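Have a look at the structure below, then the notes.
When a ligand or atom number is given, it counts from 1 through the structure's own listing order. Predicted model only: the values in this text are computed from it and were never measured.
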Amino acid sequence: MNDADRRIREIIMQKTKILKEADLYVISNRGIIDEKFRQVYHIMPPIGWMNDPNGVCYAFGKYHVFFQFHPYKAEWGPMHWGHYTSKDLIHWNWEGVALAPDNDYDSFGCFSGSAIMHNNELCLLYTGVTENKQEQVLVRSKDGICFDKFGVVIDRTKLPEGALLGEFRDPKVFKRADRFYIVVGSKTEEHGIVLLFDSDDLVNWHSRGILWEDPENSAVSECPDLFCVNGKDVLTYCISKNVNGKPQLENRYIIGCFDEKKGTFKAESMEKLDHGDSFFAAQTLLAEDGRTILFAWMNTWREKFYTAPFGWVGSLTFPRVVNIKDGGLVQLPAVELKELFVPNESIILDNVSIGMEKRLNDVGGLSLSLKLCVRYEKAGGFGIKLFKGEKEPLILYFDKKKDAVTVTSVAENKTYSCPCFEENGRIYLHILLDKTSAEIFVGNGKRVLTFNINPDWIGEDITFYAVDGEAIIEKLEFNPINNK
Ligand code: FRU
């Protein structure tokens with residue numbers, strides 16, 4: 001047993017039976033999972049299942065990331081909260097299981113929620129779920145490691161008229177002018193809504209009614225968040241849209257103005273938070289240095305989870321710094337990414353001419369960062385194939401005429417597209433690959449596309465090609481990221 005495990009064992013002694021069992025299960029079994037497709041620099045569950053990031057915050061001098069966790073199987077089950085901390089957003093320490101379904105009010109699970117510091121305590125608010133109820137529960141901690149459940153602080157009687165009794169979850173707490181607020185996801189008979197509550201002590205909450213209704217959302221507006229960045233308010237949540245008779249999940253953001261006195265949100269613009277197929281339940285934290293940092297589940301609700309046969313499912317996006325530029329959100333990987341680079345392994349290339357499909361020196365691998373600035377005024381289009389082996393799982397294609405990028409996920413048989421924001425004849429790209437995931441930042445972060453890759457499909461090559469002419473990679477910066 002190493003020191004970290006010994007420390008967790010000491011903490012476990014103070015926990016409830018169900019919580020202890022979960023903790024001991026993780027410590028005793030995480031060694032048996034198949035490491036082959038474990039990611040190198042993204043947060044994953046130590047074993048079992050992970051979905052939404054929860055309670056992301058900066059507290060007690062560290063970043064905290066909790067998450068929806070089912071330790072016992074690589075599939076969704078009674079929800080616990082797993083807990084990691086980090087001083088640098090790069091190296092994450094397992095802190096054990098923070099919450100388990102061990103009370104009457106959460107016997108079906110501790111669903112998603114959030115965190116805030118108050119009176120020197122780290123306070124969590126989550127949804128306690130039973131067979132027929134969803135209610136909001138307060139939890140407090142003096143050290144940020146062991147948590148005491150205070151109990152239900154917002155029960156169903158506080159739901160405003162029109163909200164469905166059984167659909168009331170995912171509180172995100174924040175503070176404005178000395179008052180606490182939470183946004184919570186819910187639904188009317190017809191569509192998704194975001195509810196607003198306020199409090200001055202986190203215990204006594206008052207309903208402020210429906211803050212936001214989304215007629216396009218036929219489900220609960222899950223995992224809402226409301227934060228302020230660059231002087232604007234941003235509301236985010238997940239929706240399920242009906243597209244050709246099939247539900248399509250997406251995260252949307254709305255930039256606007258939140259008036260806490262009136263309890264209203266006035267929208268100015270709306271867009272998808274991510275344009276790929278594996279991004280859900282985003283949540284932000286405010287870092288000590290003022291950055292707004294976003295994490296999301298780097299999967300989505302789908303039938304097949306590729307890594308389940310290896311004993312684990314789910315990872316979180318690399319932390320993204322969020323800003324507003326030209327009226328839209330810009331997301332870029334936190335600069336701490338650089339800590340993962342090995343100086344003598346990086347490759348920098350200038351003015352590489354691309355015609356027929358080709359590889360470039362040692363630019364390839366399964367876990368890496370690749371930054372590109374490309375000019376393609378002398379071509380009809382420019383493409384990149386990622387994870388190429390015998391198969392070609394992910395193909396990016398920049399179409400000159402349309403000023404758009406399409407990403408084809410061959411394994412999923414789907415194509416995704418968004419504008420590519422050419423600037424002075426150049427396109428800017430930052431790609432993060434990590435074994436079973438790809439995060440593609442387009443136009444200096446104006447759009448992001450996130451994907452899961454089927455491990456059966458991945459190969460180590462990256463190839464570049466131009467269509468109808470020649471493209472020039474004006475600058476390429478490649479950094480492999482190795483296990484440390
Ligand atoms: C979103 C979600 C939340 C819920 C949690 C349960 O992915 O459905 O609404 O709290 O997952 O694990």
Against heavy atoms of [X], which atoms of ligand 1 measure under 4.0 Å?
X      : answer
Met79  : 12 (O)
Gln68  : 5 (C), 6 (C), 12 (O)
Phe280 : 1 (C), 7 (O)

Check your understanding: Is the closest heavy-atom distance from Trp76 to ligand 1 below 4.0 Å?
Key ->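 Distance cut 4.0 Å: Trp76 passes for ligand 1.
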Review point. Asn51 near ligand 1, heavy-atom distance under 4.0 Å?
Key: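 In this structure, Asn51 qualifies as a contact of ligand 1 - some heavy atom is under 4.0 Å.
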For [atom], what is the closest protein heavy atom, and at what distance to 0.1 Å?
atom                   : value
atom 3 (C) of ligand 1 : Asp170 OD2, 3.3 Å
atom 7 (O) of ligand 1 : Asp52 OD1, 2.7 Å
atom 8 (O) of ligand 1 : Glu222 OE2, 3.1 Å

Exercise for review: For ligand 1, note which part of Ser112 has a heavy atom under 4.0 Å away: side chain, backbone, both or neither.
Suggested key: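 For Ser112, backbone and side-chain atoms both sit under 4.0 Å from ligand 1.
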Backbone of [Y] reached by a side-chain donor or acceptor of [X] within 3.5 Å:
X      : Y      : result
Trp312 : Arg38  : no
Ser278 : Met298 : no
Ser199 : Asn204 : yes

Practice item. Would you please say whether a donor-acceptor pair under 3.5 Å links the side chains of Trp49 and Asn51? Key: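 Checked: Trp49/Asn51 side chains pair up, N/O donor to acceptor below 3.5 Å.
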Review point. Among Asn299, Thr300, Thr436, which residue meets the side-chain hydrogen bond (donor to acceptor under 3.5 Å, both in side chains) test with Asn452?
Key: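 Output: one option passes, namely Asn299.
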Review point. Does the N or O separation between Trp301 and ligand 1 drop below 3.5 Å for any pair?
Key: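 For ligand 1, there is an N or O atom that lies under 3.5 Å from one belonging to Trp301.
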**Study point:** With sequence neighbours excluded, residues passing side-chain hydrogen bond (donor to acceptor under 3.5 Å, both in side chains) with Ser186
**Key:**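 Testing Ser186 for side-chain hydrogen bond (donor to acceptor under 3.5 Å, both in side chains), a comparison that skips the adjacent residues, returns none.
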Review point. Could you walk me through whether Asp34 and Lys36 pass the salt bridge (Lys or Arg N to Asp or Glu O under 4.0 Å) check?
Key: CA-CA 6 Å; Asp34 189 333; Lys36 195 160 168 218; over 6 Å; no
